Amino acid sequence: MRNNSDIEVSRRNMWSGILFGVGLIAFIDETVFHQLLRWHHFYDKSTTDIGLISDGIFHAFSWFATIAGLFLFADLRRRNGLFFQRWLGGVLLGVGVFQLYDGIIQHKWMRIHQIRYVDNVIVYDIVWNVGALIILLIGIYLLFRTSKNSTLKEKTANE
C-alpha cells in the first residue's frame, strides 16, 4: 500500500496537469476561435462590447489556471516528485473536460455562444465534442495506467 506522501504527490501531478490543460485549451480557444477567426465571443447574447469584455474575463481565467498549474509543476520538480506521464494524463483530462463542457453545456444547453454561426453547425459540434471525448478518454487511460503502475512498482520493490 502506498503511503500518504505518495498519494499526495500523485494527486498533485494530476491536479497540476488538469489546471495546465484547462488553461492551455482555454488560451487556444480564446486566441484561435475568438480573436484570430472571430467565429464567436465567450458571451454572444449581447453587444459586441459585452462579448469582448467576456472574452477578456475568459482570457484572465485561462491564465490563472495555467499559472496555477505551472506553480504546482515547478513545486513537483523542486521536490523531485514529477511523474510526467501522470501529469500528461492530467493535462489531457483537463483539455477534454473543458472542451466537452464548452461543447455541451455552453454551446448547446446554455447557448451563450456557438462554435460558428453557420447553417450546418452540427458538423462543427460533432468534431468539437468527439475530439474532446477522445482527448478525455486518453487522459483517463494515462491516469489509470500511471496509478496502476505506481502500485505495481511498489509491490515489486517490497517483495
Side-chain angles (χ1 to χ4, degrees), residues 7-77 82-150:
I7 293 170
E8 181 62 29
V9 168
S10 178
R11 191 178 312 152
R12 281 177 173 246
N13 272 280
M14 182 185 73
W15 279 108
S16 170
I18 289 172
L19 283 170
F20 183 76
V22 166
L24 176 67
I25 198 63
F27 173 78
I28 291 170
D29 183 16
E30 168 68 24
T31 302
V32 173
F33 297 105
H34 296 215
Q35 295 176 356
L36 295 175
L37 296 173
R38 290 189 253 163
W39 283 2
H40 63 261
H41 295 293
F42 181 76
Y43 187 74
D44 278 336
K45 288 185 156 186
S46 186
T47 65
T48 301
D49 284 343
I50 296 297
L52 289 171
I53 290 169
S54 70
D55 284 348
I57 293 169
F58 178 57
H59 214 49
F61 162 77
S62 76
W63 275 111
F64 175 77
T66 303
I67 290 171
L70 288 177
F71 266 110
L72 287 172
F73 182 88
D75 186 54
L76 287 166
R77 284 196 52 126
L82 181 64
F83 187 6
F84 187 75
Q85 282 191 351
R86 186 153 181 83
W87 183 81
L88 183 61
V91 170
L92 295 175
L93 180 70
V95 168
V97 165
F98 179 86
Q99 286 291 98
L100 207 53
Y101 167 79
D102 190 37
I104 292 173
I105 304 296
Q106 293 181 344
H107 293 176
K108 296 301 164 197
W109 187 55
M110 296 171 70
R111 296 185 177 274
I112 61 173
H113 65 260
Q114 294 293 318
I115 296 173
R116 191 170 187 191
Y117 293 94
V118 294
D119 290 336
N120 206 4
V121 72
I122 190 71
V123 175
Y124 292 92
D125 289 335
I126 290 171
V127 170
W128 190 272
N129 290 322
V130 169
L133 189 60
I134 291 169
I135 293 168
L136 175 69
L137 291 175
I138 293 170
I140 289 171
Y141 170 74
L142 280 177
L143 287 172
F144 177 75
R145 191 175 135 209
T146 55
S147 177
K148 196 171 186 173
N149 281 348
S150 296

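Along the sequence shown, residues are numbered consecutively beginning with 1. Side chains included, hydrogens not; waters and symmetry mates left out as well; all remaining heavy atoms used. Nothing here was measured: the structure is a model prediction, and the numbers come from that model.
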For the atom pair [atom1] ([X]) and [atom2] ([Y]), what is the distance rounded to the nearest 0.5 Å?
X	Y	atom1	atom2	value
Leu143	Trp87	CG	CH2	12.0 Å
Asp55	His40	CG	NE2	7.5 Å
Ile57	Leu52	CD1	CG	11.5 Å
Leu142	Phe84	CG	CZ	10.0 Å
Phe42	His59	CZ	NE2	13.5 Å

Mind listing the closest non-hydrogen atom pair of [X] and [Y] along with its distance?
X	Y	result
Gly103	Lys108	O-CG, 3.6 Å
Phe73	Ser16	N-OG, 3.3 Å
Tyr124	Ile115	O-CD1, 3.4 Å
Ala68	Leu19	CB-CD1, 4.0 Å
Ser54	Tyr43	OG-N, 3.1 Å

query = Pick from Thr47, Ile112, Thr48: which one makes a side chain to side chain contact (heavy atoms under 4.5 Å, CB included) with His41?
reply =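 Testing His41 for a side chain to side chain contact (heavy atoms under 4.5 Å, CB included) against Thr47, Ile112, Thr48 leaves exactly one candidate, Thr48.
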
Could you point out which residue of Leu93, Leu136, Leu24, Asp29 forms a side chain to side chain contact (heavy atoms under 4.5 Å, CB included) with Phe98?
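Going through the options one by one, the only one that passes is Asp29.
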
Please check if atom CH2 in Trp39 has more than 12 non-hydrogen atoms from other residues, nucleotides or ligands closer than 6.0 Å.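 Buried by this count: over 12 neighbours within 6.0 Å.
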
Contacts of type side-chain hydrogen bond (donor to acceptor under 3.5 Å, both in side chains), residue Tyr101, not counting sequence neighbours
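Result, side-chain hydrogen bond (donor to acceptor under 3.5 Å, both in side chains) vs Tyr101: none returned.
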
